[in-house]
Amino acid sequence: MKTFLVFALLCLATVVLVMLELVSGPSSIAVIEGITDALAGTRSVAGIIIAEIRLPRALLAMLTGASLALAGAAMQGLLRNPLASPDILGVSQTAGLFAVLTIYYGVADLHWVLLPLAAITGAAVAVTLMLQIARKFAGTATIILCGIAISATAGSLIALSLNLAPNPLALQEIYYWMLGSVANRSMQEVWIALPFMLVSWTILLGKRHFLDALTLGENTAQTLGFELRRETLFVIAGAAGCTGAAVAVSGNIGFVGLVVPHIMRPLAGNEPGKLMFLSLPAGAVLVLLADVLVQHLPGTQQLQLGVLTAALGGPFFLYLLIRQKVGTQ
Amino acid sequence: MSNPDTLLLEAEHLEYEADGVPILRNISLQLHAGEMLGLVGPNGAGKSTLVKLLAGLLQPESGRVRLDGENLRFVGAGERARYLAYLEQSPQTHWPLSVEQIVKLGRLPHGHAGSSQSRLAIYQAMTETDLHKLASRKFGTLSEGEKLRVHLARMLASETPVLLADEPVAALDLWHQYQTMEQLGRLAQSGKGIIVVMHDLTLASRYCNRLLMLDKGRLVAAGLPSQVLTRSRVAETYHVDGWFDQDNNAFHTIGRLPDYPQEPS
């Protein structure tokens with residue numbers, strides 16, 4: 001009951017924040033008029049700004065936040081480790097690497113679909129690699145270590161491509177993409193990310209009982225009626241799909257997958273299954289809030305969303321660690 | 001619940017090896033409704049491995065386990081979970097869940113924990129183990145005896161005919177050891193089939209209907225405690241001078257035997 005109430009409140013907050021996103025932006029327009037024009041399909045300046053600039057931005061902030069937080073909650077449940085996050089699997093970094101390579105070689109400019117596709121492919125490569133490793137060595141510690149190795153490799157290759165960037169333009173593009181943002185996106189990005197995200201959400205939420213059972217360890221979870229390897233692979237695939245699709249359209253928005261499940265865990269009664277349900281809207285709320293904030297912060301240069309989440313998320317997470325003494329258990 | 005003497009679980013000629021080293025050789029056993037079977041033997045004899053094979057956590061190289069006559073290999077994970085509940089040697093809980101939340105996990109094999117049958121099963125399991133007062137306590141704050149009761153309740157909530165417990169009393173003080181064994185005994189009397197791995201031979205011989213003694217992966221004796229725990233067999237298996245004293249219903253040990261300087265198994 002409590003969980004349902006929190007879920008409902010978070011969904012409500014998401015709707016309110018999406019509205020806030022629609023009234024936020026550098027140009028002052030008649031928002032109500034813009035929305036009615038956008039709905040009616042009338043080509044007015046306000047309508048175009050709402051439908052083609054602000055709405056995709058709001059939707060991407062919502063979807064990215066929800067996906068990253070859900071992926072984080074799922075990975076923490078799977079690895080039974082409150083410090084785990086999608087980043088640990090190296091999936092976001094590999095997705096990032098593939099995206100960077102398309103920018104580096106100018107492929108991304110050929111067609112809008114290529115950058116997101118490359119990132120999703122990168123995520124798929126990382127997942128496949130993880131699946132192979134998981135098939136050979138089922139231990140969760142091995143999976144985490146392999147994730148760290150994959151993430152470090154992808155990170156170094158991104159650094160290499162920055163180092164050898166052919167022209168300052170590519171350098172700048174890669175650099176800004178890496179900072180993470182949902183600004184200057186279109187509905188095309190929403191449409192390419194959405195199916196991957198919806199499928200991944202469905203997979204992960206469907207595996208909530210398995211993650212609950214894993215609380216008692218892998219052996220007991222198996223004797224509670226779950227086929228360990230099969231269920232594990234589903235969770236890995238779902239988390240990777242969420243992360244890959246999010247990174248594809250929004251770059252590197254860090255700490256969402258780590259911090260949101262942390263905040264939501266007490267409200268979910270520490271149950272991994274409930275935690276996934278709450279993390280979904282909570283992630284949307286956090287990223288929407290951050291994106292509304294970057295748009296209202298004073299200054300000539302708009303702050304990148306990923307910079308803000310990292311700046312707030314990092315110290316907050318550190319505070320949580322110290323307060324809860326996580327890891328000493 | 002099954003009729004007494006119904007054959008619940010059967011192992012036929014189980015062989016198991018790990019990295020080419022044989023762990024279990026030609027193990028056969030039968031578990032009937034209403035009986036508690038004690039697995040005894042020195043460390044490394046293969047007791048835990050045998051329980052894992054019976055629980056379906058490991059697959060035998062050859063031989064088979066039958067649940068209610070069906071080959072375990074072809075029984076789905078869900079069906080298996082509704083038939084046998086398993087308590088591992090050192091059960092883990094990774095998140096700070098409450099007692100009630102853990103007991104509820106026992107209903108996972110049956111789907112939704114909110115159904116009226118599930119709520120009843122959870123209530124009865126907690127009554128049986130006297131856990132209502134602790135329902136909202138965090139598992140991590142409990143004593144070892146209470147933790148074991150929680151896991152027992154979690155197994156009972158699954159309403160399985162078979163319970164498998166790997167050294168359930170190893171971490172408990174004497175009072176809780178007796179309490180737990182009495183409880184398992186009552187459950188067996190109520191018609192469940194129970195297999196427990198035991199190190200304490202007095203408790204094993206008092207509370208188990210039959211004992212199976214394992215040594216170096218082989219079944220060396222099976223039967224009533226008085227038949228299994230003879231002085232010569234205890235000497236051979238444990239390298240210790242000890243025997244089951246039927247008059248006092250207790251297992252006595254004198255000490256290590258000088259003829260057997262090495263450790264057993």
Side-chain angles (χ1 to χ4, degrees), chain A residues 1-4 73-84 138-141 144 206-232 234 261-262 264-276 324-329, chain B residues 48-49 51-59 67 72 75-114 136 138-140 147 150-151 154-155 157-158 160 162-166:
Chain A
M1 193 58 213
K2 188 182 86 178
T3 312
F4 180 75
M75 293 322 301
Q76 294 185 7
L78 182 68
L79 304 173
R80 284 154 285 152
N81 185 341
L83 306 180
T140 45
I144 292 187
K207 294 301 166 196
R208 62 190 184 281
H209 292 314
F210 168 61
L211 293 184
D212 285 338
L214 264 188
T215 303
L216 300 177
E218 292 183 350
N219 279 340
T220 306
Q222 278 176 278
T223 57
L224 284 170
F226 298 94
E227 281 177 36
L228 186 66
R229 181 173 293 173
R230 186 172 152 267
E231 304 280 313
T232 302
F234 268 115
H262 243 287
M264 288 297 118
R265 184 164 288 114
L267 295 170
N270 297 301
E271 289 180 29
K274 279 185 187 165
L275 179 61
M276 287 203 295
Q324 300 186 350
K325 296 196 185 78
V326 172
T328 57
Q329 305 166 346
Chain B
S48 294
T49 307
V51 173
K52 282 184 182 153
L53 284 169
L54 298 177
L57 291 170
L58 298 173
Q59 296 301 327
L67 290 189
L72 181 60
V75 175
E79 201 186 327
R80 186 184 68 204
R82 288 186 288 277
Y83 198 81
L84 56 84
Y86 167 74
L87 177 63
E88 61 185 323
Q89 205 167 340
S90 8
Q92 319 157 353
T93 49
H94 291 279
W95 303 109
L97 297 188
S98 72
V99 167
E100 191 170 14
Q101 282 174 314
I102 290 178
V103 178
K104 270 185 188 167
L105 292 177
R107 291 306 291 177
L108 284 176
H110 299 271
H112 190 44
S136 57
K138 292 279 182 242
F139 184 78
K147 283 180 180 172
V150 174
H151 278 289
R154 191 259 302 161
M155 293 167 83
S158 298
T160 56
V162 175
L163 303 179
L164 305 174
D166 195 350

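Naming convention: chains lettered A, B, ... in sequence-line order (proteins, then strands); numbering from 1 in each chain.
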For this session: Report yes if the side chains of A:T223 and B:E88 come closer than 4.5 Å at any heavy-atom pair, otherwise no.
Result: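 A:T223 does not reach B:E88 side chain to side chain.
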Exercise. Step by step, would you call A:F210 with B:L108 a side-chain contact (heavy atoms from CB on, under 4.5 Å)?
Worked result: CA-CA 9 Å; A:F210 168 61; B:L108 284 176; over 6 Å; no
Problem set entry | CA sep, side-chain torsions, deciding dist, call: B:L97, A:E271, side-chain contact (heavy atoms from CB on, under 4.5 Å) | CA-CA 7 Å; B:L97 297 188; A:E271 289 180 29; 4.1 Å; yes
Looking at [options], which has the largest count of heavy-atom pairs under 4.5 Å with chain A?
options: B:K52, B:R82, B:Q92, B:E79; result: B:Q92
options: B:T93, B:L87, B:L164; result: B:T93
options: B:G76, B:S158, B:A77, B:G106; result: B:A77

To the nearest 0.5 Å, tell me how far [X] [atom1] sits from [Y] [atom2].
X: B:Y86; Y: A:T220; atom1: OH; atom2: OG1; result: 7.0 Å
X: A:L216; Y: B:L105; atom1: CG; atom2: CG; result: 5.0 Å
X: B:L57; Y: A:L228; atom1: CG; atom2: CG; result: 9.5 Å
X: B:K138; Y: A:N270; atom1: NZ; atom2: CG; result: 5.0 Å

For this session: Measure distances from B:P91 to the heavy atoms of chain A and classify the residue's part below 4.5 Å as side chain, backbone, both or neither.
Result: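 Answer is neither: B:P91 stays 4.5 Å or more from chain A.
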Problem set entry | Which portion of B:H110 sits near chain A, non-hydrogen atoms under 4.5 angstrom |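 B:H110 has no heavy atom closer than 4.5 Å to chain A.
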For this session: Using the ring of B:W95 (Phe, Tyr or Trp, six-membered ring only), decide whether A:R265 places NZ or CZ under 6.0 Å from its centre and within 45 degrees of its axis.
Result: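 Flagged: A:R265 positioned over aromatic ring of B:W95.
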For this session: Ignoring hydrogens and angles, tell me if any N or O in the side chain of B:R80 forms a donor-acceptor pair with the backbone of A:Q222 under 3.5 Å.
Result: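 Here the side-chain-to-backbone pair exists.
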